Amino acid sequence: MTRTVYVNGEYLPETEAKVSIFDRGFLMADGVYEVTSVLGGKLVDFDGHAVRLERSLGELDMGSPISKEDLLDVHRELVRVNEIEEGMVYLQITRGAPDDRDFVFPDPDTTPQTVVLFTQNKPGLADSPAAKKGMKVISIEDIRWGRRDIKTVQLLYPSMGKMMAKKAGADDAWMTQDGFVTEGTSNNAYIVKGNKIITRALSNDILHGITRAAVLRFAQEAQMEVEERNFTIEEAREADEAFITSASTFVMPVVEIDGATLGDGTPGRVAPRLREIYLDESIKAAI
Ligand code: PDD
């Protein structure tokens, strides 16, 4: 089935959708994005993603080219026409395409922003076999820029990190800065010690995950202790459990870090329970 995508106000077959070669997203990575998951044909935490999008745009002095209500309509229409039961809606907004390449930002009055949305169909996303098996991560140095709280489309280093993991026979990489784990290449990182969940506190060093916020809330409601603080790879290698969160993986157990097996090498007690709670609650609240 040819996907229907959205480009600047139009719904088009993916083969007919076009963006200018002068688009600043293409030339300068001058754009932001969001990924919202779809469960049961409905959007998970749309509000959270819309609020973060607004913040990312504001931090880069970009306006909001589309209202939250219209954005919701576009998300829903793409889910409907592409018949997505489980999957993702990807959204990207750039500073647009001026007449020529220039480092200076174009005048927003004459250069409209580019708005692109497309869906990814992922049947079986919630009932993922990977979640039952758990994943392996390696650690790499975090050499990204200093505003990781803004969800920009500068995804080269995360891509390189995933390739380094693949080459090492692992599934993903956790990044470290000054010896402490920042986050995964496209997810937030956690370790578990006893009944305590430990994850880095929010700052400009990491993306403020929408899944993170929900999972920490559910953990506290389930009487689990949450500690927001730095941790090292050495501490992680000796933890009882570890996991990641993101809109595309929900809660995913980690069973190996830099070759060290956690527990008995299978997902423990806390991460699978949090995944279950997260999925149940998200499906209930999806719109
Ligand atoms: N990635 N940290 C980074 C660096 C991310 O790229 C992401 C999301 C997260 C988790 O954020 P959230 O829970 O809001 O998805 C943390 C998306 C899924 C991606 O790039 O595909």
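Start at 1 and go down the list; that is how both ligands and their atoms are numbered. Everything numeric here is computed off the predicted structure, so don't read it as measured data.
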Is any side-chain N of the basic residue among Glu235 and Arg229 closer than 4.0 Å to the acidic one's carboxylate O?
yes
Output all residues satisfying side chain to side chain donor-acceptor pair (under 3.5 Å) with Lys133, sequence neighbours left out; order by chain, then residue number.
none
Stepwise, does the side chain to side chain donor-acceptor pair (under 3.5 Å) test hold for Ser56 with Lys151?
CA-CA 6 Å; Ser56 293; Lys151 199 164 171 61; over 6 Å; no
Output, or 'none' if empty, a list of ligand 1-protein atom pairs in which both atoms are N or O and the distance is under 3.5 Å, rounded to 0.1 Å.
unit_1   : atom_1 : unit_2 : atom_2 : d
ligand 1 : 1 (N)  : Lys151 : NZ     : 3.3
ligand 1 : 1 (N)  : Ser186 : O      : 3.2
ligand 1 : 2 (N)  : Glu183 : OE1    : 2.7
ligand 1 : 13 (O) : Ile210 : N      : 3.4
ligand 1 : 13 (O) : Thr211 : N      : 3.0
ligand 1 : 13 (O) : Thr211 : OG1    : 2.5
ligand 1 : 14 (O) : Arg52  : NH1    : 2.8
ligand 1 : 14 (O) : Arg52  : NH2    : 3.0
ligand 1 : 14 (O) : Ile210 : N      : 2.8
ligand 1 : 15 (O) : Ala247 : N      : 2.8
ligand 1 : 20 (O) : Tyr33  : OH     : 2.6

Does the distance from a Lys or Arg side-chain N to an Asp or Glu carboxylate O, for Glu276 and Arg273, drop under 4.0 Å?
yes
Fit a plane to each ring of Phe46 and His75, take the angle between them on a 0 to 90° scale, and name the class: parallel (under 30°), tilted (30 to 60°) or perpendicular (over 60°).
perpendicular
Looking only at side chains, do Thr182 and Asp205 share a donor and an acceptor under 3.5 Å apart?
no
